[in-house]
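What follows is a single structure, written as structure tokens, with notes after it.
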Amino acid sequence: MIDKKIVLEIVEKEIANTDLFIVELSVSASNTISVMIDSMNGVPISTCIELSRAIEKNFDREIEDFELQVASAGIGQPFQVIQQYHKNIGKDVEVLTTNGMKHKGKLITVGENEIEIEVEEKVKVEGKKKKQIVVSPYSFAFDQIKSTKDIITF
């Protein structure tokens, strides 16, 4: 079986001195190597191809056969690493908390242990007939978050 640590070392060496970061890396018992990468500016397919070739040249299929998948993090997929939160500051996200509540708003800050989003809500304001849109900040500790996804608006 191909060692995950070896694959990790190869990938880290290849992405050093770039803005790329590893979102997920796994090696299955059947030698399926799966690498998901991202960057602050998106990842073109050519970068995935280059990384795939760099990984592949380090292994000999005659000795140990393997399947290799290199991809960029998908739109609308839950965030898996802190860098994805930083990448999406100022963008709309959906936070699903561990108690099952969904909150949609703009990601404002990312700290060591928590994030803050601003949520627009219609609330009854005293002295007004119609509900008014009010922006409220919400903070979530990472251990309160089940998943966070980016929201794509057109």
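Predicted, not measured: the structure shown is a model, and the values here were computed from it. If you read the sequence from its start, that first residue is 1, and numbering goes on from there. Reckoned from all heavy atoms, side chains included, excluding hydrogens, waters and symmetry mates.
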Worksheet item: Under the side chain to side chain donor-acceptor pair (under 3.5 Å) test, which residues partner Gln69, sequence neighbours left out?
Response: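 Once residues adjacent in sequence are excluded, the partners of Gln69 under the side chain to side chain donor-acceptor pair (under 3.5 Å) criterion are Glu67.
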State, yes or no, whether a side-chain contact exists between [X] and [Y] at a heavy-atom distance under 4.5 Å.
X	Y	value
Ile108	Ile117	no
Val43	Leu20	yes
Glu116	Phe140	no
Ile145	Asp143	no

Is there a path of hydrophobic side-chain contacts, each under 4.5 Å between heavy atoms of I/L/V/M/F/W/Y residues, joining [Y] to [X]?
X	Y	value
Val70	Ile33	yes
Ile22	Ile55	yes
Val35	Phe59	yes
Val119	Val93	yes

Discussion item. Per the side-chain hydrogen bond (donor to acceptor under 3.5 Å, both in side chains) rule, what does the pair list look like for residues 129-138, sequence neighbours excluded?
Written reply: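 Applying side-chain hydrogen bond (donor to acceptor under 3.5 Å, both in side chains) to every pair that reaches into residues 129-138, excluding sequence neighbours, yields Glu121-Ser136, Glu121-Tyr138.
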Item to complete: Not counting sequence neighbours, list each pair that qualifies as a side-chain hydrogen bond (donor to acceptor under 3.5 Å, both in side chains) and has a residue in residues 96-105.
Response: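 Only Thr97-Asn99 qualify under side-chain hydrogen bond (donor to acceptor under 3.5 Å, both in side chains).
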Just verifying a value: how many Å separate [X] [atom1] and [Y] [atom2], rounded to the nearest 0.5 Å?
X	Y	atom1	atom2	answer
Glu56	Phe66	CD	CZ	5.0 Å
Ser46	Leu51	OG	CG	11.5 Å
Gln144	Asn113	CD	CG	11.0 Å
Glu50	Cys48	CD	SG	9.5 Å

Worksheet item: Got a sec: does the CD of Glu120 have more than 12 other heavy atoms crowding it under 6.0 Å?
Response: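 No, because the 6.0 Å sphere around CD of Glu120 holds 12 heavy atoms or fewer from other groups.
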Worksheet item: Is the count of non-hydrogen atoms from other residues, nucleotides or ligands lying under 6.0 Å from Met40 atom CE greater than 12?
Response: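 Correct, the count exceeds 12.
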Practice prompt. Please name all residues satisfying salt bridge (charged side-chain N to carboxylate O under 4.0 Å, His left out) with Glu24, sequence neighbours left out, ordered by chain then number.
Written response: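 Result, salt bridge (charged side-chain N to carboxylate O under 4.0 Å, His left out) vs Glu24: none returned.
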Discussion item. I'd like to know if the side chain of Asn41 pairs up with that of Asp19 as donor and acceptor (distance under 3.5 Å, no hydrogens or angles considered).
Written reply: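 Judged by distance alone, the side chains do pair up.
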Worksheet entry | Side-chain (Asn31) to main-chain (Val27) donor-acceptor, under 3.5 angstrom |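 Absent.
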When the side chains of residues 73-91 are checked against the rest of the protein, which donor-acceptor pairs come out under 3.5 Å, sequence neighbours left out?
{"from": "Gln84", "atom 1": "OE1", "to": "Gln80", "atom 2": "N", "distance (Å)": "2.5"}
{"from": "Gln84", "atom 1": "OE1", "to": "Val81", "atom 2": "N", "distance (Å)": "3.2"}
{"from": "Tyr85", "atom 1": "OH", "to": "Thr148", "atom 2": "OG1", "distance (Å)": "3.0"}
{"from": "Lys87", "atom 1": "NZ", "to": "Asp38", "atom 2": "OD1", "distance (Å)": "2.7"}
{"from": "Lys87", "atom 1": "NZ", "to": "Asp38", "atom 2": "OD2", "distance (Å)": "3.2"}
{"from": "Lys87", "atom 1": "NZ", "to": "Ser39", "atom 2": "O", "distance (Å)": "3.2"}
{"from": "Asn88", "atom 1": "ND2", "to": "Gln84", "atom 2": "O", "distance (Å)": "2.8"}

Which pairs would a plain distance check flag for residues 1-16, meaning a side-chain donor or acceptor within less than 3.5 Å of a matching protein atom at least two apart in sequence or in another chain?
{"from": "Asp3", "atom 1": "OD1", "to": "Lys5", "atom 2": "N", "distance (Å)": "3.1"}
{"from": "Lys4", "atom 1": "NZ", "to": "Leu25", "atom 2": "O", "distance (Å)": "3.2"}

